[in-house]
Amino acid sequence: MYLLKGKRILLCVSGGIAAYKSAELVRRLQDCGAEVRVAMTEAATKSISPLTLQALSRHPVASSLLDPGEDASIGHIALAEEADAVLIAPATADLLARLAAGMAGDMVTAVALVTRAPLIVAPSMNGNMLSHPAVRANIHKLAGWGYRIVESDSGELACGYEGAGRLPDAEVLIAEVAAALSKQDFAGVRFAISAGPTREALDPVRYISNRSSGRMGYEVAAAALRRGGRVTLVSGPTALLPPRDAELVRVESAAEMSEAMLVAASNAEVVVMVAAVADYSPRQACTEKIKKNDESLSLELLRTEDILTQITRLGGDRIVVGFAAETGDLLANAAEKLERKGLDLIVANDVGAEGSGFEVATNSALLIDASGGCEESGLLGKDELSDRILDRIAALRAGRGKVQHEE
Ligand code: CTP
């Protein structure tokens, strides 16, 4: 996640069983290029050794307000003021109560009161504790103060129970930190985004598909969510974990994608067709497995409907964005598609170029809009390119008088 690069993240750990996951979290935050400092409650130091977190973060761990030596060398005020974001994970019921009461008797609560950086709080505890009105009230209070609350996962808990209360994986927590650091210029804006390949069945065991991994579309969806958007993600088959807050509609064929996207698009203010939709589909899928009886086999394929064209025909003033996967003459081919499909913006990429296109984490694109504007992104991570695309969409919306007020 490129947004965390060079950012100072203060990880505050309280004494839940999930405290052991903080070691992994430190590493994953560092993988994003973040500078991580750790503060712990007294109870957390009994769950995971401060030495471990000190070694991983390569900085002393702050855990005691009352130790003159420790607090003098780190300074809880400085720690809180230096942070670009404060992530409290896991947050126990006890810590939530102390935060909600505005207490400041330990390193973590003191930091929470001092900092002006965004606070991201990930409650984690036994499911019955989590649903208790006292805990709900405390969470509600913190949310009211603008703390970003990360909903816990459901599943098997360390205490032996099944249910809500699990600390989400590091990727989810990192996405929440990134969202807290992002502008909210699409707050409440509804997106319909397609992603991945389609599969056109030949028979019950075979299909025609393409090399799309779905990654670009999933990153566009994640970026829209980070910036406050509400996303319906219509996805062909992929191996990816969908962004947590997207409404996911799984489809297989181009026909299914068309149906799902037309429904999603009619409710959306922004449509982004990232999916690599099959242009042709077998006239009819065989109901039985095709046997290799002959030396050669001919397939009759029929053109699929162009989804983007159907969406632009819906009318209205939604922004419609297409992608163009090309292996040559990028600008001319993409500009022609923009015009032919009636798009507001097209993201053209040379899928033959190194580090660009299918099955890689990076991409390089030309962003061409209907008024003739053209921007070359250079080689970027797909997460960063997604934000560039959203910047262009925000500019197009602003041109139509639709400016979102940042929160
Ligand atoms: N697309 C679509 N419906 C289709 C095929 C493609 O909406 N049946 C969309 C894609 O999601 C993409 C854009 O059209 O946003 C361009 O896709 P691309 O495959 O580059 O172009 P095609 O229109 O399929 O043209 P060609 O394959 O001839 O380049």
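We count ligands from 1, going down the list as the structure has it; atoms in each ligand are counted the same way. Every heavy atom of this structure was used, including side-chain atoms; hydrogens, water molecules and symmetry mates were not.
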Which heavy atom of the protein is the closest neighbour of atom 17 (O) of ligand 1, given with residue, atom name and distance?
-> F323 O, 3.6 Å
G322: numbered ligand 1 atoms lying under 4.0 Å from its heavy atoms | 15 (O)
Kindly identify the option in T198, V271, D306 whose heavy atom sits closest to atom 4 (C) of ligand 1.
-> D306
Could you tell me whether some N/O pair between L308 and ligand 1 is separated by less than 3.5 angstrom?
-> yes
Output the distance between atom CD1 (I311) and atom CE (M273), rounded to the nearest 0.5 Å.
-> 6.0 Å
Should V274 be counted as touching ligand 1, given the test is an N or O pair under 3.5 Å?
-> no
Which one of M273, E305, K341 has a non-hydrogen atom at the shortest distance from atom 6 (C) of ligand 1?
-> K341
Taking N or O atoms only and a 3.5 Å limit, does R340 qualify as a polar contact for ligand 1?
-> no
Run the salt-bridge test on R244 and D153 with the 4.0 Å N-O cut-off and return the result as yes or no.
-> yes
Kindly state if atom 28 (O) of ligand 1 has a protein heavy atom within a strict 4.0 Å cut-off, that is, under 4.0 Å?
-> no
Could you check atom 2 (C) of ligand 1 against the protein and tell me its nearest heavy-atom contact, residue, atom and distance included?
-> I307 N, 3.5 Å
Quickly, which of R58, H59, R8 forms a side-chain hydrogen bond (donor to acceptor under 3.5 Å, both in side chains) with E35? Name it, please.
-> H59
Between R98 (side chain) and T109 (backbone), is there a donor-acceptor pair under 3.5 Å?
-> no
Flag atom 19 (O) of ligand 1 as yes if some protein heavy-atom distance to it falls below 4.0 Å, otherwise no.
-> no
Which atoms from ligand 1 have a heavy atom of A325 less than 4.0 Å away?
-> 20 (O)
Closest protein heavy atom to atom 5 (C) of ligand 1, given as residue, atom name and distance to 0.1 Å = D279 OD1, 3.5 Å
Using a strict cut-off of 4.0 Å, indicate which atoms of ligand 1 neighbour a heavy atom of T304.
-> 8 (N)
Do side-chain atoms of T115 reach the backbone of V111 as a donor and acceptor pair under 3.5 angstrom?
-> no
Would you check whether A324 reaches within less than 4.0 Å of ligand 1, judged by its heavy atoms?
-> yes
Mind listing the closest non-hydrogen atom pair of C374 and L331 along with its distance?
-> SG-CD1, 4.2 Å
Selected option - heavy-atom contact closest to atom 25 (O) of ligand 1, from M257, R303, K337, E336 = K337
To which protein heavy atom is atom 11 (O) of ligand 1 closest, and what is the distance rounded to 0.1 Å?
-> A275 O, 2.7 Å
Does F186 have R227 sitting over its ring (NZ/CZ under 6.0 Å from centre, angle to axis within 45°)?
-> no
Distance from L380 atom CG to N363 atom CG, nearest 0.5 Å?
-> 8.5 Å
Residue list, salt bridge (charged side-chain N to carboxylate O under 4.0 Å, His left out) with D294, at least two apart or on another chain | none
Are the charged groups of R397 and D344 less than 4.0 angstrom apart, N to O?
-> no
